[in-house]
Amino acid sequence: MKIIQVIPTYNEAKNLPALVSALFSLQIPNHHILVVDDNSPDGTGQVAESLAETYPGRLSVLHREAKAGLGKAYINGLRHALNAGADVIGMMDADFSHPPERLPALLEALSEADLAIGSRYVPGGGVDRDWPLWRKGLSWFGNTYARTILGLPIRDTTGAYRLWRRSALEAIPFEDTRSSGYVFVIELAYLAKLAGLRFAEVPIYFAERTQGASKMTLRIQLEAAIRVWQLRRLYRNKRV
Ligand SMILES: Nc1nc2c(ncn2[C@@H]2O[C@H](COP(=O)(O)OP(=O)(O)OP(=O)(O)O)[C@@H](O)[C@H]2O)c(=O)[nH]1
Ligand SMILES: [Mg+2]
């Protein structure tokens, strides 16, 4: 079973080598990584190339011209992983908010699901305990907002730590989306629901990044707030 884990990066030069090493030290058979870099000014693309030399045949890099958002990077990366013959396709942030040591639990959950999600909002999961109350509140609100409006059967709708069976990803038109920020991740979950896919949620502790800077902006949050309503209109009564 070939696993390809897609990791989008923008200015993650300090995180990427440690993350790749943590992932490969799990010794999961036939486990590959695909880094999708948007020409990061901090040289993440070159760092990824040198990792490709360190792990020949196990790590490859997609270089995109310029920063175009998480969604576009994932569309590119997920398609690439399918074309490369992956049986399981992973999604993951590069900033260590998605604990690599939970990957085996996600894989196990996939044996009885089409899509396994690393979840902050199921028992055993959580967000950084040092986050101020407003930040915890915002994260919780964003989740509840998307879950309620779209009727999603999951507790963590915005988290991008996911594993897909190949058949599940092939069953949804993920390339048709116009979402560019993290709302792309919500849209994928909505498409999965419409396609009748089976979800599993695995608890994760989501720690704040310690290296590099967040790419979250007000614009990305506004896109999510508006787009959730558009998605509901767009796909209503449609079965994908
Ligand atoms: N290729 C690519 N990667 C991106 C882009 N924007 C964000 N990323 C990556 O997507 C992942 C998540 O981005 P973060 O900046 O951590 O944003 P976040 O996790 O949504 O927000 P925080 O809660 O602040 O961590 C990281 O690996 C980023 O490097 C982009 O435009 N292009
Ligand atoms: Mg992050």
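Because only heavy atoms are used, hydrogens play no part in the values below, and waters and symmetry mates are left out as well, while side chains stay in. Every number for a ligand or one of its atoms is a count from 1 in the order of the listing.
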Undergrad: With a 4.0 Å cut-off on heavy atoms, does H63 reach ligand 1?
TA: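 Not so, H63 does not reach ligand 1.
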Undergrad: Can you confirm, on distance only, whether ligand 1 has an N/O atom lying under 3.5 Å from any N/O atom belonging to F206?
TA: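 No, no N or O pair falls under 3.5 Å.
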Undergrad: Just how far is it from atom CD1 of I3 to atom CG of L107, taken to the nearest 0.5 Å?
TA: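 Those atoms lie 4.5 Å apart.
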Undergrad: Go through ligand 1 atom by atom and flag the ones less than 4.0 Å from a non-hydrogen atom of A94.
TA: 26 (C), 27 (O)
Undergrad: Once you round to the nearest 0.5 Å, how far does CG of L191 lie from CG of L115?
TA: 11.0 Å
Undergrad: Measure from the side-chain N and O atoms of Y182 to the backbone N and O of A224, and report whether any donor-acceptor pair falls under 3.5 Å.
TA: no
Undergrad: Counting only N and O atoms by type, is there a donor-acceptor contact under 3.5 Å from the side chain of D128 to the main-chain atoms of E208?
TA: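 Yes, D128 side chain to E208 backbone: donor-acceptor pair under 3.5 Å.
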Undergrad: Suppose we measure from atom 8 (N) of ligand 1 to each protein heavy atom; which comes out shortest, and what is that distance?
TA: L70 CD1, 3.9 Å
Undergrad: Compute both the distance and the angle, then confirm whether K67 meets the cation-pi test with Y10: under 6.0 Å from the six-membered ring centre, within 45 degrees of the axis.
TA: yes
Undergrad: Do S25 side-chain atoms and A22 backbone N/O form a donor-acceptor pair below 3.5 Å?
TA: yes
Undergrad: Which atoms of ligand 1 sit under 4.0 Å from any heavy atom of M216?
TA: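 The atoms of ligand 1 under 4.0 Å from a heavy atom of M216 are 20 (O), 21 (O).
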Undergrad: What protein heavy atom lies closest to atom 4 (C) of ligand 1? Include the residue and the distance to one decimal.
TA: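 Minimum-distance protein heavy atom for atom 4 (C) of ligand 1 reads Y10 CB, 3.9 Å.
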Undergrad: Quick one: does ligand 1 sit under 4.0 Å from the side chain of A73, the backbone, both or neither, non-hydrogen atoms only?
TA: side chain
Undergrad: Can you pull out the closest protein heavy atom to atom 16 (O) of ligand 1? Residue, atom name and distance to 0.1 Å, please.
TA: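 The closest heavy atom on the protein side is D95 OD2, 2.7 Å.
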Undergrad: Tell me whether F24 is reachable from L163 by hopping between hydrophobic residues (I, L, V, M, F, W, Y) whose side-chain heavy atoms are closer than 4.5 Å.
TA: yes
Undergrad: Among all protein non-hydrogen atoms, which one is nearest to atom 9 (C) of ligand 1, and what is the separation to 0.1 Å?
TA: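 I find the closest protein heavy atom is P8 O, 3.5 Å.
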Undergrad: Out of L152, V183, T157, which residue meets the side-chain contact (heavy atoms from CB on, under 4.5 Å) rule with Y190?
TA: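 Going through L152, V183, T157 one by one, the side-chain contact (heavy atoms from CB on, under 4.5 Å) with Y190 is satisfied by L152 alone.
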Undergrad: Suppose we measure from atom 15 (O) of ligand 1 to each protein heavy atom; which comes out shortest, and what is that distance?
TA: K215 N, 2.7 Å
Undergrad: Nearest heavy atom to atom 31 (O) of ligand 1: which of R209, K67, K72 does it belong to?
TA: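 The option holding the nearest heavy atom is K67.
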Undergrad: Can you check which of D38, D93, V35, I220 brings a heavy atom nearest to atom 32 (N) of ligand 1?
TA: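 Closest candidate by heavy-atom distance is D38.
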Undergrad: Looking at Y161, does the NZ or CZ of R102 lie under 6.0 angstrom from its six-membered ring centre and within 45 degrees of the ring axis?
TA: no
Undergrad: I'd like the atom name of the N/O/S atom in D95 lying closest to the Mg ion (ligand 2).
TA: OD2
Undergrad: Are S97 and ligand 1 in contact, using a heavy-atom cut-off of under 4.0 Å?
TA: no
Undergrad: Could you tell me whether Q221 approaches ligand 1 through its side chain, its backbone, both or neither, with non-hydrogen atoms closer than 4.0 Å?
TA: neither
Undergrad: Quick one: does R165's side chain have a donor or acceptor within less than 3.5 Å of a partner on S111's backbone?
TA: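 Yes, the answer is positive, given that a donor and an acceptor are paired below the 3.5 Å cut-off.
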Undergrad: Return the closest protein heavy atom for atom 2 (C) of ligand 1 as residue, atom name and distance.
TA: T9 O, 3.4 Å
Undergrad: List every atom of ligand 1 that sits less than 4.0 Å from any heavy atom of V36, numbering the atoms from 1 in the order shown and giving each element.
TA: 1 (N)
Undergrad: In ligand 1, which numbered atoms sit nearer than 4.0 Å to a non-hydrogen atom of E12?
TA: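 Matching atoms, with element in brackets: 26 (C), 27 (O), 28 (C), 29 (O).
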Undergrad: Looking only at protein heavy atoms, which one is nearest to atom 24 (O) of ligand 1, and how far off is it?
TA: S214 OG, 2.4 Å
Undergrad: Just which atoms of ligand 1 are under 4.0 Å from any heavy atom in R135?
TA: 22 (P), 23 (O), 24 (O)
Undergrad: Is the closest basic N to carboxylate O distance between D87 and R166 below 4.0 Å?
TA: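 Answer for the salt bridge query: no.
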Undergrad: Check the pair E201, R155 against salt bridge (charged side-chain N to carboxylate O under 4.0 Å, His left out), reporting the backbone distance first and the verdict last.
TA: CA-CA 8 Å; E201 281 187 278; R155 304 305 300 178; over 6 Å; no
